[in-house]
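This report refers to the structure that appears directly beneath it.
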Amino acid sequence: MDDFTKIINLDFDHNIIGNKRVNTVNSPEYNASTILFDSHEDMMLAENGKYTGIYYGTNRMPNSRELEESLNILENASLTRIFPSGISAIRHVLLSFLKSGDHILVCDNVYGPTKLLCRLFLSKFNIEADYIPPDAQNIEDFIKENTKAIFLESPGSITFEIQDMDKIVQTAQKHNLITIIDNTWATPLYFKPLEKGIDISIQSITKYISGNSDILMGSVSVNEKHAAHFDKYYSLMGICCSSKDCILALKGLKTLKIRLKEHEQNAFFLASWLEGQKIVEKVLYPALKSHPQHDLYKRYFKGSSGLFGVILKKEVSPEKITTFLNSLNLFGLGFSWGGYKSLVSAGRVKRDCFCEYDQRIIIRISAGLEDKEDLKNDLENALKKIS
Ligand SMILES: *Cc1c(COP(=O)(O)O)cnc(C)c1O
């Protein structure tokens, strides 16, 4: 059966009224700190960790479980758990799998706050991080005796380099490293990391999964090898997402398949058009033939989502870029992406490893669901102001 047929038909609604089930299409919202037991015997089972039902508010309400199960199906994972934000998911993966004295390899193009976490937070626990080039294929030389894990983001959500995942997984397995990927850009629809031998896949649900810019949430999907450990860790940490947010995420998720296609088409149209503009030096979008790793993109990804980067010619001053951004009417100026409204942001690339775009300003465009001609006209008008 198709994954979306399964997700749409998941059954997490068990309210009984008048001996009959209240069989609503959408699950009811469960708000609870406290769960009432049928008997003291059940309560004692819960006390001893043997109760099979939900025993407390932090034990993942039905809405959380429905969202977890849906993502678990899409990621083809053994276990999926959700977190109050994407960065929270990332932090908990690092803390659960690393210990004092360990070393982690981090791809240099990861989401900025991921890098900050590694630099400013892991060091407090005596965990060391080294950064590897975003287009790394051979990671053998970077591995140390205490290397425990490798963190990938493919493509990176600022500069869009793609890692050769098969090669990295091969080397990682040889050295018994845990492989982790931030899979937010592709979503599990366009790339399923665990099917490629990667151990852990992370989503910022905030982006395409929810798709409405109305919630913050993250998920972690792990393979069988790491499921028991991560389940235990999660249950000890008291992590909790609101049922209301889970319902919003589920509502978004159920239309992901059709939304993502439209985001992709709009982005491809805009990226192709921008590439032909005189003022543009480069468009960073893996689906374009001009992308330096277009062959890897075709090998690994079923499709391309709606986020891409644009670099204007060197002679365009930062002030002109500001004028360009301020002249846009349809694109909101915002730091997120993956929602129905098109967004734009701009920032200077700062890298540890060599990067040809280091110190250049990248304009990052999240193509939303507006009409593509309208979006193009908006970009065209704003570019005219600075040409
Ligand atoms: C936004 C983002 C995150 C963090 O997600 P939040 O839910 O905003 O904390 C992680 N990774 C990538 C690639 C992102 O774009």
Side-chain angles (χ1 to χ4, degrees), residues 75 77-81 83 85-154 156 161-184 191-204 218-237 239 351-353:
E75 295 272 5
S78 290
L79 181 101
T80 296
R81 290 289 178 264
F83 297 81
S85 67
I87 196 66
S88 162
I90 291 167
R91 168 166 57 92
H92 280 291
V93 165
L94 296 174
L95 281 183
S96 64
F97 289 100
L98 298 173
K99 61 174 191 319
S100 173
D102 283 345
H103 171 246
I104 182 172
L105 293 174
V106 180
C107 220
D108 202 25
N109 63 351
V110 293
Y111 176 63
T114 304
K115 219 165 161 183
L116 279 181
L117 260 181
C118 293
R119 182 170 296 144
L120 303 176
F121 182 70
L122 290 184
S123 55
K124 286 212 300 191
F125 297 89
N126 189 31
I127 297 164
E128 194 194 355
D130 273 325
Y131 303 94
I132 59 167
D135 55 356
Q137 307 209 341
N138 188 356
I139 55 162
E140 195 82 51
D141 291 348
F142 299 98
I143 297 171
K144 306 207 284 192
E145 216 160 275
N146 58 340
T147 307
K148 184 73 182 289
I150 175 159
F151 194 109
L152 310 173
E153 190 176 311
S154 202
E161 301 92 340
I162 295 172
Q163 293 108 54
D164 193 332
M165 270 93 65
D166 286 342
K167 284 193 183 154
I168 289 176
V169 165
Q170 219 174 25
T171 313
Q173 284 176 348
K174 192 173 115 198
H175 292 271
N176 210 13
L177 310 186
I178 299 167
T179 40
I180 307 159
I181 191 168
D182 182 332
N183 192 35
T184 304
F191 182 58
K192 294 191 196 299
L194 274 58
E195 290 180 357
K196 281 281 169 197
I198 293 170
D199 296 302
I200 300 166
S201 171
I202 300 172
Q203 279 292 324
S204 166
S219 68
V220 175
S221 299
V222 301
N223 60 10
E224 199 179 348
K225 186 175 174 191
H226 300 291
H229 165 79
F230 199 65
D231 186 24
K232 182 88 190 154
Y233 172 88
Y234 189 92
S235 68
L236 288 172
M237 286 297 128
I239 300 153
R351 290 280 182 259
D352 288 86
C353 301

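All residue numbers in this chain count up from 1 along the given sequence.
- Other residues, nucleotides and ligands place no more than 12 heavy atoms under 6.0 Å from the NZ atom of Lys232.
- Looking only at side-chain heavy atoms (C-beta outward), Arg119 and Asp352 come within less than 4.5 Å of each other.
- Counting heavy atoms of neighbouring residues, nucleotides and ligands inside a 6.0 Å radius, atom CD of Glu195 exceeds 12 of them.
- With Ile202 as the partner, the side chain to side chain contact (heavy atoms under 4.5 Å, CB included) test is satisfied by one option alone out of Thr184, Ile87, Asn183, Ile180: Ile180.
- Phe230 is listed as a side-chain neighbour of Leu79, based on a closest heavy-atom distance under 4.5 Å.
- Looking at heavy atoms from C-beta onward, Ser219 lies in side-chain contact with Gln203 at the 4.5 angstrom threshold.
- Here the side chains of Thr171 and Ile150 are not in contact, with every heavy-atom distance at 4.5 Å or above.
- The closest side-chain heavy-atom distance from Lys148 to Ile127 is not below 4.5 Å.
- No hydrogens or angles considered: a donor-acceptor pair under 3.5 Å links the side chains of Glu140 and His175.
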**OP:** Before giving the answer on side-chain contact (heavy atoms from CB on, under 4.5 Å), spell out for Arg81 and His92 the whole-Å C-alpha distance, their side-chain angles and the decisive distance to 0.1 Å.
**Re:** CA-CA 11 Å; Arg81 290 289 178 264; His92 280 291; over 6 Å; no

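- The aromatic rings of Tyr234 and Phe83 sit perpendicular to each other, their planes meeting at more than 60°, with 30° as the lower class boundary.
- Gln163 places a side-chain N or O within donor-acceptor distance of the main-chain N or O of Pro134, the cut-off being under 3.5 Å.
- Side chains of Thr179 and Asp199: a donor on one and an acceptor on the other come within 3.5 Å.
- Relative orientation of the His229 and Phe97 rings is tilted, given thresholds of 30° and 60° on the angle between their planes.
- In this structure, Met165 and Phe191 have side chains that are in contact, with non-hydrogen atoms separated by less than 4.5 Å.
- In this structure, Lys115 satisfies the cation-pi test against Tyr131, with its NZ or CZ atom closer than 6.0 Å to the six-membered ring centre and inside 45 degrees of the ring normal.
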